[in-house]
Amino acid sequence: MQQPQLDPLWDEGISSFLYGEYEKRQQALTIDDLQIFANENAVRIGDILETLFLMAIYGEWVYSDAEGRERTLDEEALNELYAKGRLRPEDLSAFDGVWLPIS
């Protein structure tokens, strides 16, 4: 019996865009990159971060802090990020590292 195809847990449009940008640049994505993408594409930075968080939680991407240490992201961390509502610049400053797809 064939397994049913599950819907993606994250925004596939944002996910595809991020993979494409990584492939084009061949370097990790920073919060500054993400803010530029959000502005250029009229997408909320929160939606981009939510997609990256979910992809990291499910093993598609990884986040490393400014010192190069991989940080484990989980749904609790994602919920804490959104507990205050819309993200502000000080919320984004906690992500001064880089995002990379897992090869």
Side-chain angles (χ1 to χ4, degrees):
M1 181 172 196
Q2 193 175 44
Q3 295 271 337
Q5 180 68 27
L6 299 176
D7 289 335
L9 301 170
W10 48 79
D11 186 302
E12 278 295 307
I14 292 173
S15 170
S16 294
F17 177 79
L18 294 172
Y19 275 110
E21 286 300 312
Y22 172 77
E23 286 297 319
K24 183 168 55 174
R25 296 163 174 252
Q26 289 296 302
Q27 64 184 29
L29 304 178
T30 67
I31 197 68
D32 291 336
D33 295 329
L34 302 180
Q35 288 180 295
I36 290 168
F37 301 157
N39 289 334
E40 288 178 347
N41 296 287
V43 175
R44 288 183 357 177
I45 185 72
D47 293 341
I48 293 173
L49 274 178
E50 178 182 26
T51 297
L52 281 167
F53 255 80
L54 288 168
M55 290 192 302
I57 290 167
Y58 289 94
E60 298 286 323
W61 282 63
V62 64
Y63 175 73
S64 297
D65 65 20
E67 285 78 41
R69 294 181 303 249
E70 284 187 19
R71 286 187 41 197
T72 300
L73 301 177
D74 57 24
E75 289 188 33
E76 183 178 328
L78 179 59
N79 291 337
E80 286 176 20
L81 185 64
Y82 282 101
K84 298 181 246 178
R86 203 173 269 270
L87 297 177
R88 298 184 309 258
E90 56 269 19
D91 299 319
L92 302 178
S93 67
F95 296 97
D96 57 354
V98 295
W99 298 87
L100 284 164
I102 294 175
S103 353

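Computation of the quantities below employed the complete heavy-atom set of this structure, encompassing side-chain atoms and omitting hydrogens, waters and symmetry-equivalent molecules. In this text, all values refer to a predicted model and were calculated from it rather than measured experimentally.
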Which pairs of donor and acceptor atoms, one on a side chain in residues 47-60, lie under 3.5 Å apart (sequence neighbours left out)?
unit_1: D47; atom_1: OD1; unit_2: R44; atom_2: NH2; d: 3.3
unit_1: T51; atom_1: OG1; unit_2: D47; atom_2: O; d: 3.0
unit_1: Y58; atom_1: OH; unit_2: E75; atom_2: OE2; d: 3.3
unit_1: E60; atom_1: OE1; unit_2: Y19; atom_2: OH; d: 3.2

Going hydrophobic residue to hydrophobic residue with side-chain gaps under 4.5 angstrom, can you get from L78 over to L73? yes

Nearest heavy-atom contact between F37 and F17 is CG-CE2, 3.5 Å

Non-neighbouring partners of T30 that pass side-chain hydrogen bond (donor to acceptor under 3.5 Å, both in side chains), sequence neighbours left out: D33

Return the set of residues passing side chain to side chain contact (heavy atoms under 4.5 Å, CB included) with E23 (not counting sequence neighbours), or none when no residue passes. Q26

Measure the shortest side-chain to side-chain distance between I45 and L34 over non-hydrogen atoms and say whether it is less than 4.5 angstrom. yes

Exercise: identify the closest heavy-atom pair between Q35 and L92: NE2-CD1, 3.1 Å

Atom CD in E21, atom CG in N41: separation rounded to 0.5 Å? 8.0 Å

Taking atom CZ of R25 as the centre, report whether more than 12 heavy atoms of other residues, nucleotides or ligands fall under 6.0 Å from it. yes

Per the salt bridge (Lys or Arg N to Asp or Glu O under 4.0 Å) rule, what does the pair list look like for residues 91-101, sequence neighbours excluded? K84-D91

State, yes or no, whether a side-chain contact exists between W61 and L18 at a heavy-atom distance under 4.5 Å. yes

For E90, what residues pass the side chain to side chain contact (heavy atoms under 4.5 Å, CB included) criterion, not counting sequence neighbours? R88

With sequence neighbours left out, what residues match V62 under side chain to side chain contact (heavy atoms under 4.5 Å, CB included)? E70, L100, I102

Output for pair (L87 CG, F95 CZ), nearest 0.5 Å, gives 8.5 Å

Closest non-hydrogen atom pair between Y22 and P101, with its separation: CD2-CG, 3.5 Å

